[in-house]
Amino acid sequence: MERVKTYRPDWEQPELNGVGLYADALIKNFPALPVEDEGRLGDLKFRESFVRRVYMMHFWQQMIAEGLSEKSLTEFHGHHKYMFINENKNESRALDLLVAQCDKNLVKT
């Protein structure tokens with residue numbers, strides 16, 4: 001996914017700064033899809049984070065298929081809140097505000 005060898009015509013040594021073609025297309029077409037570099041999956045911390053993101057995506061898709069509601073969104077957010085904070089504190093705060101205002105846009109159940 002990252003650190004793919006790139007070659008320049010004026011340089012004999014490849015640089016490890018590229019992105020694989022398939023990974024690049026996948027990430028651009030499915031930006032919410034959890035992806036991780038294969039080499040990093042050997043590290044327990046990164047592997048655990050990746051598996052959590054995969055499960056979170058599965059739960060999100062289930063919730064959408066069953067019908068989004070204020071209750072389901074609030075429960076989902078509460079269940080995954082700390083993972084959101086670990087990923088990005090600023091975006092997590094913005095998400096907190098959106099969830100708090102969801103009753104204006106969703107039907108209560």
Side-chain angles (χ1 to χ4, degrees):
M1 181 170 86
E2 296 177 350
R3 296 173 290 177
V4 174
K5 289 181 185 178
T6 56
Y7 297 87
R8 295 187 337 209
D10 61 335
W11 188 255
E12 290 183 22
Q13 292 291 331
E15 296 177 340
L16 296 174
N17 62 358
V19 176
L21 295 175
Y22 181 80
D24 187 46
L26 187 70
I27 292 167
K28 285 179 180 173
N29 287 296
F30 303 99
L33 185 69
V35 293
E36 189 59 74
D37 190 68
E38 180 181 4
R40 288 172 39 122
L41 290 175
D43 183 304
L44 179 62
K45 176 182 157 189
F46 292 117
R47 185 173 57 242
E48 185 176 314
S49 173
F50 174 70
V51 171
R52 280 188 187 149
R53 288 181 283 144
V54 168
Y55 275 101
M56 186 171 62
M57 175 62 81
H58 172 71
F59 295 139
W60 174 259
Q61 290 174 339
Q62 276 185 322
M63 185 180 67
I64 296 298
E66 293 169 0
L68 189 61
S69 68
E70 178 185 3
K71 179 181 177 185
S72 64
L73 182 60
T74 303
E75 287 175 357
F76 180 86
H77 180 260
H79 186 70
H80 300 287
K81 181 176 179 118
Y82 293 109
M83 188 165 177
F84 296 137
I85 291 171
N86 278 341
E87 292 296 319
N88 188 314
K89 287 182 176 72
N90 291 331
E91 287 182 12
S92 178
R93 287 186 198 111
L95 185 59
D96 289 345
L97 293 173
L98 286 174
V99 171
Q101 297 172 356
C102 72
D103 61 337
K104 296 177 183 175
N105 300 314
L106 297 173
V107 177
K108 292 183 181 184
T109 59

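Predicted model, so just to flag it, every value in this text is computed and none were measured.
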field: Validation row: Lys71, Glu75 side chains within 4.5 angstrom (heavy atoms)
entry: yes
Which residues share a side chain to side chain contact (heavy atoms under 4.5 Å, CB included) with Phe59, sequence neighbours left out: Tyr55, Gln62, Phe76, His80
query: In chain order, what residues pass the side chain to side chain donor-acceptor pair (under 3.5 Å) check against Glu48, with sequence neighbours excluded?
result: Arg52
statement: The side chain to side chain contact (heavy atoms under 4.5 Å, CB included) partners of Lys45 (sequence neighbours excluded) come to Asp43
- line: Looking only at heavy atoms, the pair that brings Pro34 and Phe50 closest together is O-CE1, 3.5 Å
- request: Enter the distance from Tyr7:OH to Glu15:CD here, rounded to the nearest 0.5 Å.
  value: 11.0 Å
task: Of all the heavy-atom pairs spanning Ser72 and Gly67, show the shortest one and how long it is.
output: OG-O, 3.9 Å
- prompt: Which residues pass the side chain to side chain contact (heavy atoms under 4.5 Å, CB included) test with Arg40, sequence neighbours left out?
  reply: Arg3, Glu36, Asp37, Phe46
- prompt: What residues form a side chain to side chain contact (heavy atoms under 4.5 Å, CB included) with Leu26, not counting sequence neighbours?
  reply: Tyr22, Phe30, Leu33, Val35
statement: What one should report as the nearest heavy-atom pair of Ala32 and Met57 is O-CE, 2.8 Å
message: How about CG on Leu16, more than 12 heavy atoms from neighbouring residues, nucleotides or ligands closer than 6.0 Å, or not?
response: yes
Qualifying residues under side chain to side chain donor-acceptor pair (under 3.5 Å), relative to Lys28, sequence neighbours excluded: Asp24
